[in-house]
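To find a chain, count down the sequence lines: A is the first, B the second, and so on, and within it residues start at 1. Note: hydrogens, waters and symmetry copies are ignored here, and every other heavy atom, side chains too, is used.
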Number of protein chains: 2
Amino acid sequence: MIRIVLAEDQAMVLGAIAALLDMEPDLTIVGRAADGAAALDLVRALAPDILLTDIEMPHLTGLDVALALADQRLATRTVIVTTFARPGYLARARAAGVRGYLLKDTPVEQLAAAIRVVAAGGTFIPAELAASAWEASVDPLTPRERDALRLAEEGLSNKEIARRLDLSPGTVRNYLSDAAGKLGAGNRIEAGRIARANGWL
Amino acid sequence: MIRIVLAEDQAMVLGAIAALLDMEPDLTIVGRAADGAAALDLVRALAPDILLTDIEMPHLTGLDVALALADQRLATRTVIVTTFARPGYLARARAAGVRGYLLKDTPVEQLAAAIRVVAAGGTFIPAELAASAWEASVDPLTPRERDALRLAEEGLSNKEIARRLDLSPGTVRNYLSDAAGKLGAGNRIEAGRIARANGWL
DNA sequence: CGATGCGAGTGACGTTTGTCATGGGCAACC
DNA sequence: GGTTGCCCATGACAAACGTCACTCGCATCG
């Protein structure tokens, strides 16, 4: 019997997937979490075989949780189920020791299959995704550039960003200009979109 | 027996919810669609009691489909299930004659309940949502301002937006400035975020 | 028929961004 | 111990953006 903890912030999706997996004779849902922090607690308390988790959740992302599990050398193996095919997400997932990664776009049938493969010690990453991650370049941004971009995305001016990051406005301008240059963008908005699409923010 | 067509672009969520609803003795899924256009075709072909649909989908949004059904006076009643609590979405849904609206955040149990209520001729809209829609202001943007804002969001310059909309750059500047003024934003980025959060784009 | 509102445009002005050169401090890595 | 890369900063210039005032055509509505 494969014991699973499920983490997903949309209650309806959480419930639907749980119901679906519980119908499989060899799978059992031992815990459900609506955010990353709760998921981490549950995994520590229950030591399931598999953590099946979304990425974008409150408090801690699924990637954060996977990283924490790897750091603490817990035996639970992580399978990511996410909406986004962002290459950076996949790269970070692999770096966090994630063994399974699939999109919510894929048919439900593959979900149980992925869980069984990973539980048995294997790896489950769709070929298209693996390929896109391979050809994807690595994040060219420095931490401060990322900080500035995140705030710029929200429509803050250089002056406001400078205040938040405790920098001079000129430095912020430079960071954003550098970031746009690295990303091949013509301005901060485009730079933000590109960085986000790649999973770098 | 309540006959349902389900529209949802994420295959896994589609499959999971379909499986869940099919377990209910009085509900039956007669068709599934992965985008709005397919959903509309299916409803026309099958004349189900209920169309259960997401909003954000390729080709046609769930709101577009609901509007088309209302225009053609089809008997099928629409229930919206979406990630977003944007007041503008709810307002447009009501205008399109939608009788049920719920968030993917709500527990699965409410889904079947909502479907039964709407199938019986009732209305199902959570109190919190109805309240937020009530206090929400109406979309203050003109169609051209919306056009300009959508392109500005993508990082296009005034010149590029002007070319796409076949306007002069000065006019585009004015539209975006007007839009920002109406929305209380300090620049185009913030204006875009506010408009999107309200469901006006 | 006049008022209103929207689309479209111009010109001007100041502010904000984007770009570039250049410099210093600091940590990491041969 | 030098080189490299990141962080932080400044100054200067050009380009893009935000704001305001004002005009025109046109459709719709009272």
Query raised in the report: So, is A/Asn158 near the phosphate of C/dT16, with a side-chain N or O under 4.0 Å from OP1 or OP2?
Result: no
Report summary line: Its 5'-most and 3'-most nucleotides having an atom under 4.0 Å from a non-hydrogen atom of chain A, DNA chain D is contacted over D/dC6 to D/dA12
Report summary line: Here the distance between atom P of C/dT17 and atom CD of A/Glu190, to the nearest Å, is 17 Å
Report task. Identify, with sequence neighbours excluded, every residue that meets salt bridge (Lys or Arg N to Asp or Glu O under 4.0 Å) alongside B/Arg3. Result -> none
Query raised in the report: Do B/Arg188 and B/Asn158 have side-chain atoms, one donor and one acceptor, less than 3.5 Å apart?
Result: yes
Query raised in the report: Mind checking what makes salt bridge (Lys or Arg N to Asp or Glu O under 4.0 Å) contact with A/Glu153, not counting sequence neighbours?
Result: A/Arg196
Report summary line: Hits for salt bridge (Lys or Arg N to Asp or Glu O under 4.0 Å) against B/Arg94, two or more places apart or cross-chain, chain-then-number order -> none
Requested in this report: To the nearest 10°, let me know how far the axis at one end of the helix from C/dC1-D/dG30 to C/dC30-D/dG1 is tilted from the axis at the other, five pairs an end.
Outcome: 40°
**Report entry** With A/Lys182 via salt bridge (Lys or Arg N to Asp or Glu O under 4.0 Å) - residues at least two apart
**Finding:** A/Glu145
Query - DNA chain C contacts among residues 139-157 of chain B, heavy-atom distance under 4.0 Å - result: B/Thr142, B/Pro143, B/Arg144
Query raised in the report: Which is it for B/Ile55 and B/Ile80 under the side-chain contact (heavy atoms from CB on, under 4.5 Å) test, yes or no, and what are the steps along the way?
Result: CA-CA 7 Å; B/Ile55 289 187; B/Ile80 300 266; 3.5 Å; yes
Report task. Can you tell me the distance, in whole Å, between the CG atom of A/Asn187 and the P atom of C/dG18? Result -> 6 Å
Tabulate atom names and distances for all N/O pairs under 3.5 angstrom spanning the protein and nucleotides 9-15 of chain C.
from   : atom 1 : to       : atom 2 : distance (Å)
C/dG9  : OP2    : B/Ser168 : N      : 2.8
C/dT10 : O4     : B/Asn174 : ND2    : 2.9
C/dA12 : N6     : B/Arg173 : NH2    : 2.9

**Report entry** Of all pairs that satisfy salt bridge (charged side-chain N to carboxylate O under 4.0 Å, His left out), the ones with a partner from residues 73-93 of chain A, not counting sequence neighbours
**Finding:** A/Glu56-A/Arg86
**Report entry** Residues that A/Arg150 engages under side-chain hydrogen bond (donor to acceptor under 3.5 Å, both in side chains), provided they are two or more places apart
**Finding:** A/Asp147
Query raised in the report: side-chain hydrogen bond (donor to acceptor under 3.5 Å, both in side chains) with A/Glu24: which residues, sequence neighbours excluded?
Result: A/Arg116
Query raised in the report: DNA chain C: B/Tyr175 or A/Gly181, which has the more 5' nearest nucleotide?
Result: B/Tyr175
Query raised in the report: Does a donor on one side chain sit under 3.5 Å from an acceptor on the other, for A/Asp64 and A/Thr61?
Result: yes
Report summary line: Sequence neighbours excluded, the answer for side-chain hydrogen bond (donor to acceptor under 3.5 Å, both in side chains) partners of A/Thr123 is none
Query raised in the report: Taking atom C1' of C/dA8 as reference, at what distance in whole Å does atom CG of B/Leu165 sit?
Result: 12 Å
Query raised in the report: When you check the gap from the basic side-chain N to the acidic O, do A/Glu8 and A/Lys104 get nearer than 4.0 Å?
Result: yes
Query raised in the report: How far apart are the closest heavy atoms of A/Glu190 and A/Asn187, and which atoms are they?
Result: N-OD1, 2.9 Å
